[in-house]
Structure formats: C-alpha cells, structure tokens
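Only a predicted model underlies this, so the values are computations on that prediction, with no experimental measurement involved. Throughout, residue positions are numbered sequentially from 1 according to the sequence presented.
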Amino acid sequence: TTPVIVTAITVLIAKIMKQIAERFGFTEDVSFYNEDIDYYSSAIQKYCYDEPSGYFQYVVHDNNGIPSGFLRYKDGTLFNLGFDGIYPYISGICNEKQSAKIIYNIKNGLMTDCGVGTVDLRAPYYSDNGYWNGTVWFPHQWILWKSLLDNGQTELATEIAIKALTVYDDEMKETYCSFENFTVKTKRGNGYHQFSGLTCPCLSWFKAYFTPGTISCGFFVQISDIEKSKDNDYLEFNFKTDGFGRTVLVCMNSNFEYRFLTDGEEVKAVSPIGGVYYIKLNKPVGKITIKH
C-alpha cells in the first residue's frame, strides 16, 4: 500500500528545492527536480484521486507491484478520507475542480471547533479521542496554512491560525505545554510536548498576525530585499513566484491606515484583523510597498 501523503510531500520538497536551485544558480539541478515533480505528480493524478469523495487515496498494489485499487475500511469505505488525502493540494498539483472539492471537504468534513482534524467527521472510522484518526495536529495545519496563502484562501487561513492560537493559549494556561495533538472533544493536548516543532507553528502564527513588521507567504513565493521602518509603519520588499494569485500576509503598526503598491501601482489589500493585511500578487515578479 502506498500512502499518497509521502509522494505528495516528495513533490512539495522537490518544488522547494527547485526554487532554491534557481535562486542560487544551480541550474544543473533544476532538470533533476523537474523530473521528480512531473513523474510523481502524474502518478498521483493517475492512480490516487477518487472523484466522488474528493480525496486522494492510499493505493493498493498486487503481487507484481501493479496498482490494483484503493485501500478500504472494513465496511468498504475508502480508508483515506482525511488530512492525508488533501496533501496533493498542498503540493500544488490539483486542478481547479479538485482544489474546490478539497476546500469543501476541509470546511465541511475536517474542520472542528479547535481546527482541522486528521479524519473527516463523516467517515465511519473517525474518532474524537484518537491519535491520527480524528485529532488536531498543529504542524500539519501550519503546512496547510502556508498552502492556503499560496492559493488565496485567506478567510480559511485566518480561521485556522486563530483557532490554533486560541487552543494553544488555553492549554498553555493549564499546563504550559504544546502537545503533539489536541482532542476535538475536550480541546486538550495529548502525547508528548518535548519537540520544538510542536511549538514553532504557534509562534509562527503569532508572529504572522500579531508582530508588526512580519511578512508571511506560502511555499511558492520568495521574499527578498526587505526594508522597514523602526515603527513598522513602512514596509517594502521584492517578491518572486511561479504564477499569479499567490498571497502574502503582512503585519503592520495598527495605528495607521495604509496604501499598498505593486511596482508603484496601487492595489487592494484585505484586512482580517487590525494591522494585518493579505495582498494578492498580480504578477510573478515585483516590489510591494506599504506606506501610510
């Protein structure tokens, strides 16, 4: 059985490494990464997607290593109705119809009061007190949040971040720990807490939304040449991306109103909370200037 999440993450890492190779002039490596991206993306699309459910599935192989179908639960239900099954969206290999279905499943199947769970609440194997069969994991939510910025899903990105920070804050007041996962039923932490990777997502979200002077983006946007004022009421930076519609998130001094410009032309920004702005990138390369 092949877990689609592993293959999808391989594609994501290859895309990130390709950007790094291009940035630093390792042009001979680009074709190597492109080969992996094309090969594994094609395989995922060919073998893993289930149109009715809108989730990518675990693929079962026969004794000769030939794909023979999807892994199923004991009652015949597809056994990957959950977070694992949306990772091709995070890797940026979904078409428009697939992406829309995945966003629908996140909002209507995976979303809980404390964040995006690991198993669709509509699945028969969902558990509100499991480990990876229904709980909320912040590191995976952070990866999804980055992808939502890449895809302009700003409302959902805000909801995920604020819910996570709320749950984190409540748990810190009780135990001063950031646990592996959080139970949907109790909104309390479970498992270990001695990993920096469990706290880093929360610190990153807090920095993104509540620390003026912070720029946040997805996996497919590169930020460089940052200039900002001491009072965080002025910010300028260059960006490069692989296409249109990517979004950057900036946190500014909330005491001012701002103008937003891309290469000197005024653009609109969406503000979910005071001092925080989402800016859609309307070209692959440019300079953003924010001033009051």
Side-chain angles (χ1 to χ4, degrees), residues 82-83 86-87 89-90 103 105-119 121 128-132 134-219 221 223 228 232 235 247-255 258 269-279:
F83 212 123
I86 69 172
Y87 255 87
Y89 172 84
I90 294 171
I103 292 299
N105 283 335
I106 293 172
K107 292 179 177 180
N108 296 279
L110 294 174
M111 184 62 76
T112 73
D113 290 340
C114 55
V116 181
T118 51
V119 172
L121 277 67
D128 62 7
N129 192 28
Y131 187 69
W132 184 253
T135 51
V136 171
W137 291 67
F138 287 168
H140 287 272
Q141 282 198 124
W142 181 82
I143 292 172
L144 173 59
W145 175 77
K146 296 273 285 184
S147 180
L148 293 171
L149 294 183
D150 273 331
N151 288 279
Q153 294 287 338
T154 56
E155 290 187 13
L156 187 54
T158 303
E159 180 180 0
I160 287 173
I162 299 304
K163 278 187 175 180
L165 286 172
T166 301
V167 172
Y168 174 75
D169 183 57
D170 290 342
E171 185 63 40
M172 288 292 285
K173 290 174 181 175
E174 293 290 332
T175 65
Y176 207 68
C177 294
S178 181
F179 286 99
E180 279 187 90
N181 59 78
F182 291 82
T183 303
V184 172
K185 189 174 183 179
T186 65
K187 300 180 185 176
R188 294 299 305 275
N190 294 294
Y192 286 94
H193 62 86
Q194 299 97 332
F195 309 125
S196 62
L198 303 174
T199 307
C200 285
C202 300
L203 299 179
S204 296
W205 281 318
F206 184 85
K207 194 174 192 301
Y209 290 91
F210 299 102
T211 306
T214 302
I215 308 167
S216 304
C217 60
F219 294 112
V221 176
I223 302 297
K228 57 185 176 180
N232 294 308
L235 181 62
T247 305
V248 293
L249 172 65
V250 297
C251 184
M252 303 291 294
N253 186 329
S254 60
N255 292 323
Y258 294 96
V270 176
S271 179
I273 57 178
V276 177
Y277 303 92
Y278 290 107
I279 307 169

*For atom OH of Tyr192, decide whether the heavy atoms of other residues, nucleotides or ligands shown that lie under 6.0 angstrom number more than 12.*
no

_Using side chain to side chain contact (heavy atoms under 4.5 Å, CB included), reason through Trp142 and Trp137 one step at a time and then give a plain yes or no._
CA-CA 9 Å; Trp142 181 82; Trp137 291 67; over 6 Å; no

*Which heavy atom of Cys217 sits nearest a heavy atom of Ile223, and at what distance?*
SG-CG1, 4.0 Å

_Whether the side chain of Thr112 engages the backbone of Gly117 through a donor-acceptor N/O pair (distance < 3.5 Å, no angle test) should be reported._
no

_Going by side-chain contact (heavy atoms from CB on, under 4.5 Å), Met111 matches just one of Val136, Leu156, Leu121. Which one?_
Leu156

*Min side-chain heavy-atom separation Asn232-Met252 under 4.5 Å*: no

*Evaluate the side-chain proximity of Leu198 to Phe138: yes if any heavy-atom separation is below 4.5 Å, no if none is.*
no

*Check: Asp150 side chain, Phe219 main-chain N or O, donor-acceptor pair, under 3.5 Å*: yes

*Using the test salt bridge (charged side-chain N to carboxylate O under 4.0 Å, His left out), find all partners of Glu159 that sit at least two apart in sequence or belong to another chain.*
Lys163

*Please list all pairs passing the salt bridge (charged side-chain N to carboxylate O under 4.0 Å, His left out) test where one or both residues lie in residues 187-199, with sequence neighbours left out.*
Glu171-Arg188

*salt bridge (charged side-chain N to carboxylate O under 4.0 Å, His left out) involving Asp169 - partner list, sequence neighbours excluded*: Lys173

*asked:* Using a 3.5 Å distance criterion without hydrogens, assess whether the side chain of Asn253 forms a donor-acceptor pair with backbone atoms of Asn255.
replied: yes

_Determine whether Phe182 and Tyr168 satisfy the following criterion, ring-ring contact (aromatic ring centres under 6.0 Å, His included), listing intermediate values before the conclusion._
CA-CA 9 Å; Phe182 291 82; Tyr168 174 75; 8.0 Å; no

*Ser178 backbone acceptor or donor facing Thr199 side chain under 3.5 Å*: no

*Measuring from His140:NE2 to Ile86:CD1, what's the distance to the nearest 0.5 Å?*
10.5 Å

*Considering all heavy atoms, the nearest Trp145-Leu249 contact*: CZ2-CD2, 3.9 Å

